[in-house]
Amino acid sequence: MCGIVGYIGDKQASHVLLEGLSKLEYRGYDSAGIAVRDGDKPAEVVKTIGKIKNLIDTTDNGNAIVGNCGIGHTRWATHGAPSRVNAHPHVSGNCTNSGSGLVESEVVGVHNGIIENYQELKSKLEHHGYQFYSQTDTEVLIKLVDYYYKKYKVGPIDALAKTIVRVRGSYALAVMFKNHPGKIFVARKDSPMIIGLNDKEAFLASDVPAILNYTRNVYYIGNLEMAELSAGSVNFYNLDGDMIEKELTEISWDAEAAQKGGYEHFMMKEIHEQPTVVSDTLHKYVDEDTKKINLSEVGLTAEDIKSFSEVYFVACGSAWHVGMQAKYIFEDLADIPVRVELASEFRYSKAKVRQDALVIIISQSGETADSLAALRISKERGIKTLAIVNVVGSSIAREADYVMYTVAGPEISVATTKAYSCQLVCADLLALEFAVERGTLTSYETYIDELFTIPEKINKILDDKERIQWFASKYANAKDVFFIGRGVDYSICLEGSLKMKEISYIHSEAYAAGELKHGTISLIEDGTLVIGVLTQSDIYEKTLSNMMECKSRGAFLMGVTAYGKYDVEDSVNFSVYVPKVDEHFIGSLAIIPLQLLGYYISVSKGLDVDKPRNLAKSVTVE
């Protein structure tokens, strides 16, 4: 949600900012703006509503606004409707009705996150003579910085420190001070921010793709930490204003990984990257020759595994669906009780989690607000936590007791595909390691062999995607779609249904097939599309019977099953087959046709596949 970019160096800042903001469009936004300084001249602010293209056109591709130091922002509205005046950057003084123009204010800034006590702070500032032009919490934050800067006559870092101790909520804050040209000052709590560096330039951004064309060397600024950026250098500070050291991280993937690479949409590119990234993730933790899983990098020992009495998977959205699928695999292979919780519910739950439990947090970005809160609550209770994340150095990765990184690379499309698949493979490997260490399996070599066949089998499904495309064109105007399955198949349905609704805007629901008769079947009418997932042999016939109940009420049936189960064609109207693999892991294959179906329906309807309405890639607010 929202995006921040900052630049100081020898280039025109506007060009770097606009390019960086374009690379962050996937995060979701409704307006955008930049503020640029030319030496000690006042900052010039330009803000627009709608797409980044509007900002590019307004600034003549950045040529109309001159300077080597600047900050930019894409806003996803929380406080106040999308408008130019509510768009960022915000200023400590008054502004024009458009919110754009030269700024004589002491402080200009941008902010991601939510300031929970902004009304209280706003009243305080109004009492001291401040007037407000927008409905945003960000304007309050910028003016609070200005207040402490002037009241105590301190430097920017001290002003930020005095501000953030009085703020409740989350923020990635970047500000420029009138009397400190050529510098950007930042502070962070819970919202993502990275700082990049090379010999002559400094950058800040919400995510790596925004700055990857310029540097691979980044710092991850921690919670309640601040920094001062100058061209080619950065200093970090703690809340007491003391300078601190940070570790520089080199980004391993290149800029091309965040480009479309000839595909029409990032989502289709990322669907096709799944064989590679699944293979990379497997090879990260498994020696293919010896077939041994190595979790030393994760930090998880055999003694740790034996000490856990139960496992909690805590996540949001697609990551929660990974947990749902992992539950069946863990309980069957490792014979350990597993609960799967939505992070937004878990963080407020009064449930008594045992001290010897393991809480596994799954998040692509490693910054998901509810998941991060759930992790912190678990740690406060003295419960061990393990993170499955894609972003090295992210908040969840830094704070968890154990970290298992996926190797998905940058995922740009809002609808996750390859990150989901990598998370699922990580969960599979954990289940196998738990099973061996807990004595429920004597060895897992045959299972490892099966996992290593998955990448090529995904390729085989992708080779036959034209059938899915044809079917999608026939059902692009569907009003309702229901996904049904049992066990592992039900968890696959949850993810397939989410892919359908989030990018095609078709009402879609997933149900455990046995629950249809308890109310949901009343919604079936002539032409309703019902998609059944039937990959589990022991419950194949039961799910098929549930599908036939729908067909008898007028439903059109699509079945997803494994090669060899061709008798399904006697019952369903359209069938899709995936290669056989051990049924514990077949979800990695069965999800591919459902990803493709959602994609092709969205394309048929002419929708924005990569940036669906109202959604953001990284959900960093509650």
Side-chain angles (χ1 to χ4, degrees), residues 1-8 12-38 41-105 107-113 132-143 145 171-178 184 186 191 193 203-207 210 611 616:
M1 287 181 170
C2 304
I4 285 179
V5 179
Y7 173 77
I8 312 168
Q12 285 296 324
S14 57
H15 297 158
V16 179
L17 298 177
L18 291 171
E19 178 186 341
L21 292 176
S22 296
K23 298 289 179 60
L24 296 178
E25 283 191 290
Y26 67 91
R27 294 178 67 86
Y29 70 103
D30 48 55
S31 57
I34 59 175
V36 174
R37 293 196 66 179
D38 185 11
K41 297 177 183 178
E44 184 171 357
V45 175
V46 181
K47 305 197 283 189
T48 61
I49 58 174
K51 297 295 184 182
I52 295 291
K53 184 180 185 303
N54 298 337
L55 186 60
I56 292 172
D57 292 343
T58 300
T59 61
D60 186 22
N61 200 30
N63 295 319
I65 182 167
V66 177
N68 303 115
C69 177
I71 51 179
H73 188 269
T74 52
R75 178 177 186 251
W76 196 83
T78 54
H79 298 77
S83 69
R84 289 179 71 183
V85 73
N86 284 333
H88 301 209
H90 283 287
V91 301
S92 58
N94 296 321
C95 76
T96 64
N97 290 335
S98 67
S100 299
L102 287 174
V103 175
E104 294 291 347
S105 300
V107 184
V108 181
V110 295
H111 157 245
N112 287 352
F132 292 85
Y133 56 82
S134 77
Q135 290 78 51
T136 67
D137 56 342
T138 300
E139 185 191 357
V140 176
L141 183 59
I142 300 304
K143 288 182 172 171
V145 173
Y171 47 83
L173 172 65
V175 294
M176 298 186 296
F177 287 78
K178 180 180 178 181
I184 299 173
V186 303
S191 288
M193 177 184 286
F203 309 83
L204 68 97
S206 301
D207 204 354
K611 299 185 286 291

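Only heavy atoms go into these numbers, but all of them, side chains included; no hydrogens, no water, no symmetry mates.
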Heavy-atom pair with the smallest gap, counting every atom of Ala43 and Met176:
CB-CE, 4.3 Å

Side chain to side chain contact (heavy atoms under 4.5 Å, CB included) between Ser191 and Ile4, worked out:
CA-CA 11 Å; Ser191 288; Ile4 285 179; over 6 Å; no

Would you call Glu44 and Val36 a side-chain contact if the rule is heavy atoms closer than 4.5 Å?
no

Has the side chain of Glu139 got a donor or acceptor atom that lies under 3.5 Å from a matching backbone atom of Val91?
no

For Leu24 against Gly3, the heavy-atom pair lying closest together:
CD1-CA, 4.0 Å

Relative to the ring of His88, is the ring of His73 parallel (under 30°), tilted (30 to 60°) or perpendicular (over 60°)?
parallel

Mind checking whether Thr74 and Ser206 have side chains closer than 4.5 Å, heavy atoms only?
no

With rounding to the nearest 0.5 Å, note down the distance linking CD1 in Ile71 to CD1 in Ile184.
6.5 Å

Residues that Asn54 engages under side chain to side chain donor-acceptor pair (under 3.5 Å), provided they are two or more places apart
none

Judged by atom type as modelled, is there a donor-acceptor pair below 3.5 Å linking the side chain of Arg84 to the main-chain atoms of Lys47?
yes

To the closest 0.5 Å, what do you measure between CG (Asn112) and OG1 (Thr138)?
8.0 Å

Option from Val45, Leu55, Val110, Thr58 for which side chain to side chain contact (heavy atoms under 4.5 Å, CB included) with Ile34 holds
Leu55

Heavy-atom pair of closest approach, residues Arg37 and Phe177
NH1-O, 2.6 Å

Do Thr48 and Asp57 make a side-chain contact, defined as non-hydrogen atoms from C-beta onward lying under 4.5 Å apart?
no

Evaluation steps, side chain to side chain contact (heavy atoms under 4.5 Å, CB included), between Ile142 and Val175:
CA-CA 8 Å; Ile142 300 304; Val175 294; 3.8 Å; yes

Output the distance between atom CG (Leu173) and atom CG (Leu141), rounded to the nearest 0.5 Å.
5.0 Å

To the nearest 0.5 Å, tell me how far Asp38 CG sits from Asn68 CG.
6.5 Å

Short side-chain to backbone donor-acceptor contact, Lys178 and Pro42, under 3.5 Å:
no

With a 3.5 Å distance limit and no angle check, can you tell me whether Tyr7 reaches the backbone of His15 through a side-chain donor-acceptor pair?
no

Looking only at atom types and distance, does a side-chain atom of Thr59 sit under 3.5 Å from a main-chain N or O of Ala64, one as donor and one as acceptor?
no

With Ser14, which residues qualify under side chain to side chain donor-acceptor pair (under 3.5 Å), at least two apart?
none

Counting C-beta onward and ignoring hydrogens, is there a side-chain heavy-atom pair between His111 and Asp137 closer than 4.5 Å?
yes

Restricting to non-hydrogen atoms, name the atom on Ala13 and the atom on Cys69 that form the minimum distance, rounded to 0.1 Å.
CB-N, 3.7 Å

Is Arg75 reaching over with its side chain to a backbone N or O of Ser83, donor-acceptor style, under 3.5 angstrom?
no

For Val108 and Pro89, the nearest pair of non-hydrogen atoms, with its separation, is CG1-CB, 3.9 Å

Nearest heavy-atom approach of Ala35 to Leu17 is O-CD1, 4.3 Å

